[in-house]
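Report on the following structure.
Just the heavy atoms: all of them, side chains too, but no hydrogens, waters or symmetry mates, feed the values below. Chain A is the first sequence line, chain B the second, and so forth, proteins listed ahead of strands; every chain is numbered from 1. Because the structure is predicted, anything quoted here is derived from the model rather than measured.
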Amino acid sequence: MTYEKVNELNLKDTELRLGLPGTEQAKEEQEVSCVRSNKRQLQSDNEEESTPPTKTQIVGWPPVRSYRKNNNSVSYVKVSMDGAPYLRKIDLKTYKNYPELLKALENMFKFTIGEYSEREGYKGSGVIPTYEDKDGDWMLVGDVPWDMFSSSCKRLRIMKGSDALALDSAL
Amino acid sequence: MGASSTLLMVSHGHCLLCLLFSVVRFIYIKTFNSFDSFRIKSLPSLPSLSLSPSLVLMDRRFPFKVLEHIFSFVDSNEDRNSVSLVCKSWFETERRTRKRVFVGNCYAVSPLKVARRFPKMRSLTLKGKPHFADYNLVPDGWGGYAWPWIEAMAARRPFLEEIRLKRMVVTDECLEKIAASFRDFKTLVLTSCEGFSTDGIAAIASTCRKLRDLELRECIVDDLGGDWLSYFPETSTSLVSLDFSCLDSEVKLSDLERLLSRSPNLKSLKLNRSVTLDVLESLLRRAPQLVELGTGSFSDELDPEEIAKLTKALSELKQLKSLSGLWDLLPEYIPLLYSLCPRLTSLNLSYATVQMPDLIDLLSRCSKLQKLWVMDLIEDKGLKTVALCCKELRELRVFPSGADLDETDVTLTEQGLVSVSEGCPKLESVLYFCVQFTNAALVSIAKNRPNFRCFRLCVMEPFAPDYRTQQPLDEGFKAIVERCKDLRRLSVSGLLTDKAFEYIGVHAKKLRMLSIAFAGDSDLMLHHLLSGCQSLKKLEIRDCPFGDTALLENAAKLETMRSLWMSSCFVSFGACKQLSQKMPRLNVEVIDEHPPKTRPDSSPVERIYIYRTVAGPRLDTPEFVWTIHKSPEVGVSRLSIR
């Protein structure tokens with residue numbers, strides 16, 4: 001990782017990292033055991049460089065056998081819909097793909113969703129399903145492959161009304 | 001002297017006398033030192049017992065039959081290893097009578113040597129990859145191939161009955177060879193293995209007519225479908241245990257039903273997740289004698305009649321002591337298990353995403369429980385119930401559920417473990433995942449439970465200090481090693497300085513295995529461990545800032561250990577070379593997936609794996625593994641026959 005001097009600030013000094021201060025080199029060693037995830041984001045990608053490797057990105061940590069990790073992990077996510085007075089919880093594991101999930105959401109909240117296209121998002125209904133992923137970013141449901149979505153989705157928000165219209169036109 | 005000893009030889013009392021001498025000598029050897037079979041190359045001279053010449057003479061003419069009879073009472077491999085070091089005749093007798101052979105590192109000795117040494121071998125247990133392979137720290141293709149062993153045994157030991165492999169690469173070829181070569185084959189247990197498909201399992205099922213145990217524990221199997229189950233012989237089988245819980249695909253219900261009906265000796269059955277709840281009743285009806293049951297998925301919708309039938313079928317399992325599986329267990333089905341609870345000694349809920357109130361409901365009825373595996377969904381409150389109700393508990397494992405701790409209300413803290421350590425007097429083995437911990441809790445736990453043999457604490461936040469005092473967890477772990485004098489296995493975590501390892505080095509006299517991650521300040525940490533810890537056999541370290549000096553200073557220690565793993569540490573290439581040259585009977589493996597273009601001595605290596613061996617450098621290393629050559633000019637060799 002190279003650090004430039006930006007506005008006379010050495011970015012390395014202000015970098016957030018795990019570990020005791022002064023243990024400089026050890027962290028370089030740690031890079032080797034870190035894995036970075038690639039994902040398309042709505043925001044810029046520059047930020048990713050200086051964010052510290054979170055524990056979910058360190059290879060083999062926590063030390064749980066991947067056999068167990070794959071079989072497990074509670075995957076209940078809260079689903080909220082703009083304008084609806086209640087939150088629902090769903091288990092993402094019970095769905096195998098996007099159409100199944102969207103159908104279930106439609107039934108749950110009694111709405112119909114427009115057709116999804118990669119370029120234009122959900123056109124037509126004024127209802128846009130979004131989700132918050134592990135890194136706290138809000139993404140459009142359907143953008144990433146299903147497996148990636150189901151393992152990184154923390155909560156769902158179905159946008160409606162004026163918010164949705166604004167987002168619709170922006171996309 | 002000669003005449004009287006001859007007389008003694010003949011008399012009846014001789015046997016008793018010799019037995020006494022043997023026992024005395026044996027006990028002396030056992031307490032004198034802890035050898036193990038690695039040292040056989042250099043038989044030590046007899047320890048300085050003051051033996052009169054006549055006794056030594058007597059020993060040489062000691063009838064083989066008598067020795068053999070005495071050794072038949074010596075079970076454990078450690079004891080047998082000690083016995084084999086006393087003298088040549090004891091070595092010979094022991095090797096000719098050993099039935100169960102254990103090799104902790106498949107590269108420590110050649111298969112041929114083992115096959116030749118133990119002609120009466122009936123059971124072989126092998127371990128392959130380093131333990132950290134479980135956490136993806138060992139790249140695929142590193143090694144641990146079962147084939148050379150299977151091949152060697154097939155050629156020389158056709159009466160082999162049991163094979164147990166852990167963390168090894170097992171191919172269909174291996175399984176077919178086993179099926180074809182060992183006429184009386186009874187037991188196959190594969191733990192964390194990979195490389196085979198369901199075709200290989202079918203070969204075992206169809207050909208091994210005396211098969212008793214077929215257990216696939218957490219293996220990665222190329223699952224080509226559930227047909228393999230139909231390959232068991234049509235006539236009644238001798239099956240005692242069957243575990244296919246790690247397979248994905250569905251087996252045919254009729255195959256399974258028929259198999260159960262014709263396996264009257266079946267005591268342990270572990271189904272896979274795709275066996276649905278609605279068929280469980282029909283299976284249990286055909287195997288009411290089960291002692292261990294691993295269910296499939298526990299979440300289908302059942303109508304009231306089905307529920308009633310299943311409840312009845314479960315209550316008919318009068319011998320059942322162990323329950324596992326329970327994937328996706330729904331809270332409304334917990335009452336179905338009530339009838340089993342009072343008899344259960346082992347319960348694995350680690351795949352059941354059930355919340356705390358339901359867990360309490362279940363566990364409060366399990367008064368005989370000795371082993372409990374559960375997720376952190378049990379929370380402190382649930383563990384308090386365990387402390388109150390499960391007084392026979394010996395082993396507890398609490399796994400992380402991955403539940404987002406900000407969102408949900410999963411509160412599992414150090415308090416949970418403190419409660420259990422207070423309430424369960426027989427608790428001796430713990431694996432505990434927790435977000436943070438305190439020294440005070442560790443001290444309490446150590447005071448409550450000095451009988452720990454295995455203590456593995458994983459504070460999931462790397463470098464997390466005591467969250468109340470912000471101090472390192474040194475003092476807490478000090479209490480653990482000071483008080484738990486029988487501690488055999490320890491995993492440490494959280495913020496730890498060199499001091500923690502000084503304590504461990506000094507106090508953990510019986511410690512055999514130690515796992516460390518993100519800890520320590522300097523080389524001193526490793527030095528404390530290698531110069532202390534008398535009984536240390538396996539050390540695995542990741543992401544700690546030290547290496548060279550301590551390694552080189554304590555090189556001799558490494559030959560008394562099975563293995564040392566260090567990854568993302570501070571070990572230089574030069575130190576690896578020096579170590580390898582210094583210690584001829586160590587294999588020093590450098591594992592580098594991203595090797596630099598040039599390798600100056602100061603360059604760090606990604607991972608090293610050092611293990612003692614009498615077999616020399618192995619010949620099956622992949623591209624990214626180098627065994628450092630003993631000869632300084634060569635530097636690094638990559639010996640390969642593939």
Can you confirm whether P63(A) sits close enough to F433(B) that some side-chain heavy atom of one is under 4.5 Å from a side-chain heavy atom of the other?
yes
What heavy-atom pair brings F518(B) and I58(A) nearest, and what distance separates the two atoms?
CZ-CG2, 4.0 Å
Sub-3.5 Å donor-acceptor pair from the side chain of W61(A) to the main-chain atoms of E461(B), do we have one?
no
Check whether R542(B) reaches the backbone of G60(A) with its side chain - one donor and one acceptor, N or O, closer than 3.5 Å.
yes
For atom CD of E250(B), is the number of surrounding heavy atoms from other residues, nucleotides or ligands below 6.0 Å larger than 12?
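Count not over threshold, so no.
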Just wondering, are more than 12 heavy atoms of other shown residues or ligands nearer than 6.0 Å to CD in Q470(B)?
yes
Between D134(B), N136(B), I220(B), V459(B), which has the largest tally of heavy atom pairs under 4.5 Å with chain A?
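So the answer, after comparing D134(B), N136(B), I220(B), V459(B), is D134(B).
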Please rank A517(B), S192(B), S567(B) by heavy-atom pairs under 4.5 Å with chain A and give me the top one.
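Result: the option with the highest number of such pairs is S192(B).
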